[in-house]
Protein chains: 2
Amino acid sequence: MATIEDVARLAGLSRTTVSRVINDQPYVTEEKKEKIMDAMQQLGYVPNSSARRLRSQRTETIAVLLPRVTNPFFGHLIESMERKASEYGYQVIVCQTHDKKQKELDYLQLLKTKQVDGVVMASLTNDWDVIEPYLESGPIVLCNEYMDSDQVSMIHIDHRQASYDATAHLIEQGCTRIAYATGAQETHITRQRKEGFLQALTDFNLAFDENLEIRNALDVKDGQGVFSFLQEQEEKVDGIFTGSDEVAAGIIYAASQSGFTIPEDLAIIGFDNQMISLLMVPAITTVRQPVEEMAMKTIQVLVEKIKKEQPEDEQQIVYNYELIKRKSTERMSMKESASS
Amino acid sequence: MATIEDVARLAGLSRTTVSRVINDQPYVTEEKKEKIMDAMQQLGYVPNSSARRLRSQRTETIAVLLPRVTNPFFGHLIESMERKASEYGYQVIVCQTHDKKQKELDYLQLLKTKQVDGVVMASLTNDWDVIEPYLESGPIVLCNEYMDSDQVSMIHIDHRQASYDATAHLIEQGCTRIAYATGAQETHITRQRKEGFLQALTDFNLAFDENLEIRNALDVKDGQGVFSFLQEQEEKVDGIFTGSDEVAAGIIYAASQSGFTIPEDLAIIGFDNQMISLLMVPAITTVRQPVEEMAMKTIQVLVEKIKKEQPEDEQQIVYNYELIKRKSTERMSMKESASS
DNA sequence: TTGTAAGCGTTATCAG
DNA sequence: CTGATAACGCTTACAA
């Protein structure tokens with residue numbers, strides 16, 4: 001591999017001057033500049049990024065922590081983040097935590113060891129006091145996660161309110177015994193959603209049977225399991241709030257094989273407005289999050305923090321969500337609003 | 001940030017000895033080792049990876065080039081690759097080419113500038129002679145792509161045969177006028193698939209109407225467009241081969257809204273055995289690729305190449321696929337095999 | 001078993 | 001406008 005030294009020698013100039021050309025700095029005569037360009041061409045010279053990193057203390061790389069890419073919500077998130085980061089000239093490292101605390105910390109280590117300039121946490125399972133020390137090594141921005149701290153910027157929707165609205169909608173459709181399926185470990189987001197869910201029940205004078213809370217429901221397969229669980233219940237469950245369209249789809253799939261009628265026998269609500277929620281028969285009522293905007297904003301905020309010397313005020317940016325009502329909750333008994 | 005120098009000073013030893021401890025090398029007394037460990041602890045020392053990279057000429061990072069993460073096939077691919085790479089201690093950089101030649105080359109630049117030790121190409125739109133020179137900078141392994149060259153290892157299924165089988169299946173189900181929808185630009189894979197498709201038609205004495213070839217069909221939305229296109233045809237099309245379950249799902253979705261009956265009016269075949277192919281009504285006949293195995297094998301081969309000094313023989317590893325027959329091609333007229 | 005010293009390839013400072 | 005020279009933080013012969 002040719003180095004800057006080789007180029008300098010071939011061009012009959014110093015490393016400094018070559019460096020100036022590489023970095024588009026002023027104070028180099030056109031003539032010498034051309035000479036250097038020629039030399040670089042001839043040698044097929046490319047600056048070594050490890051050396052640049054060491055010297056400049058910047059990596060132009062961002063780590064994005066998320067549970068798993070195969071969850072379409074996070075797939076979309078990282079797709080947009082990578083695109084945006086790429087525009088800013090940043091690389092993106094995928095860090096799948098699989099909701100494991102240890103994995104999360106391992107990846108945060110990238111910040112400490114200066115392998116990345118900043119971190120996006122779209123997965124947050126550790127307690128804040130464990131995460132906080134990492135802030136010394138570089139900026140962290142939360143996306144789709146919330147933390148009761150004024151030391152980080154956060155980009156998210158109001159999950160509490162969204163799940164309140166969704167639950168209220170189920171109730172308005174005549175559901176009285178509603179189950180609650182949640183994904184993964186308890187994170188702040190899931191706590192918020194649960195709160196909204198419970199609040200809606202309370203406001204409508206309904207009780208929540210703790211036995212109807214299902215944990216670790218993540219994908220279609222889990223959804224099928226959830227359906228079996230619901231079917232086993234002695235007292236009939238007539239509605240379910242799921243934290244994911246995939247789980248909702250799994251329930252519908254299993255239900256249709258058991259001759260169950262959705263939404264008459266069971267009204268179902270999903271989350272995230274994935275393609276699948278539109279394609280299922282019946283189509284799934286869901287909550288749309290502006291994923292792309294959130295992703296791009298997150299990168300923007302992070303990159304700004306990386307570039308600024310003096311720490312700015314942390315921002316908490318709350319995006320609007322939208323409850324999209326579809327057939328999976330449109331119960332005959334109450335002929336209400338519809339579709340899309 | 002504490003450096004190795006600081007640790008050495010605090011422990012009253014040399015940088016060399018500290019380095020030995022960091023890298024678990026022998027020839028350090030327990031006593032001194034502990035002293036050093038203590039010092040590292042006290043200072044919160046973490047080795048700076050940029051410096052290590054520069055010195056050791058290795059980055060422990062891999063770039064994975066793919067069209068887009070939101071295509072579930074590639075989502076699964078990168079999910080498995082990241083997991084496997086992480087086991088080997090490697091980071092993964094996501095590189096979405098969006099099927100753009102220039103983007104592909106930009107990302108290959110990561111290899112030249114030594115930002116990554118190796119590259120996985122699961123997206124390959126440039127001609128080989130453009131890619132080849134990059135091999136000088138480090139190993140490249142193709143995954144789900146094929147190239148007529150003995151200079152790279154490739155991991156893939158036999159797309160030609162798979163698409164032959166799929167097409168033959170359509171024909172056996174009584175289809176005689178079959179459309180062909182393909183994704184993105186022309187890559188070697190798409191060429192192979194097209195060949196298999198045409199061969200099957202030929203073998204069964206059917207002609208292919210070039211007007212029935214649809215390009216750039218990538219997702220559900222495109223699938224809806226494909227349906228409109230088919231509907232406009234004067235001569236009725238009774239079968240379609242799509243290169244993607246998403247496109248197939250889009251066609252079914254649009255068809256169901258137009259009162260079309262699948263598969264009686266139109267038999268549809270997808271590709272990749274995504275969850276959606278099972279969930280659609282009717283369920284979609286598709287070709288399963290062993291994504292996870294392919295992903296893990298790819299990383300294994302690449303990491304081995306990175307670690308070996310002397311170049312090994314390039315491997316071409318062909319995995320088995322499986323044609324999964326479901327309702328979307330089960331035509332009454334021919335009461336044949338079924339489901340899953 | 002430990003330490004010295006020479007880089008790895010860049011960039012920034014400062015003097016010319 | 002250009003060029004020495006000194007870092008950046010770490011590893012590794014080689015010497016002791």
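Residue numbers start from 1 in every chain, and the chains themselves are labelled A, B, ... in the order their sequence lines are given, proteins ahead of strands.
As judged by a 4.0 angstrom heavy-atom cut-off over every strand, B:P47 is placed among residues touching the sugar-phosphate backbone only.
Where the helix from C:dT1-D:dA16 to C:dG16-D:dC1 starts and where it ends, the local axes point in directions that differ by 40°; five pairs per end, rounded to 10°.
At the phosphate of D:dA16, neither OP1 nor OP2 sits under 4.0 Å from any side-chain N or O atom of B:Y27. Phosphate contact (OP1/OP2 of C:dT2, side-chain N/O of B:K32, threshold under 4.0 Å): present. Between A:Q57 and D:dG9 there is a side-chain polar atom (N or O) within less than 4.0 angstrom of OP1 or OP2.
At whole-Å resolution of the value, CE in A:M40 and P in C:dT10 are 11 Å apart. Separating the CZ atom of A:R53 from the P atom of C:dT11 is a distance of 14 Å, rounded to the nearest angstrom. Taking atom NZ on A:K35 and atom C1' on D:dC1, their separation rounds to 14 Å, with Å as the unit. Put simply, CG on A:L43 is 15 Å from C1' on C:dG9, counting in whole angstrom units. Between the CG atom of B:L54 and the C1' atom of C:dT11 there is a distance of 13 Å, given to the nearest Å. The interatomic distance linking A:Q25 (CD) with C:dA12 (P) rounds to 6 Å, in whole Å. Rounded to a whole Å, the CD1 atom of A:I36 is 8 Å from the P atom of D:dT2. Atom CZ of A:R55 is separated from atom P of D:dA6 by 13 Å (rounded to the nearest Å).
Remark: the B:D38 side chain and the B:Q42 side chain contain no N/O donor-acceptor pair separated by less than 3.5 Å. For the residue pair A:T61/A:R53, the side-chain donor-acceptor check at 3.5 Å is satisfied. In this model, a donor atom of one side chain and an acceptor atom of the other lie less than 3.5 Å apart for A:K103 and B:S86.
The side chain of B:T29 lies closest to C:dT1, out of C:dT1, D:dT12, D:dC8.
At least one side-chain heavy atom of A:I157 sits less than 4.5 Å from a side-chain heavy atom of A:M294. Between B:L302 and B:P139, some side-chain heavy-atom pair lies under the 4.5 Å cut-off.
Listed by residue number, B:R15, B:T16, B:S19, B:N23 are the residues of residues 11-24 of chain B with a heavy-atom contact under 4.0 Å to DNA chain D.
With B:N71 contributing its side chain and B:F73 its backbone, the two residues share a donor-acceptor pair below 3.5 Å.
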Stepwise side chain to side chain donor-acceptor pair (under 3.5 Å) check, A:T17 with A:S14: CA-CA 5 Å; A:T17 314; A:S14 75; 3.1 Å; yes
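A:K84 and A:E87 are joined by a salt bridge, as a carboxylate oxygen and a charged side-chain nitrogen come within less than 4.0 angstrom of each other. At a threshold of 4.0 Å, the pair B:K305-B:E314 counts as salt-bridged, since one of the basic side-chain nitrogens sits closer than that to a carboxylate oxygen.
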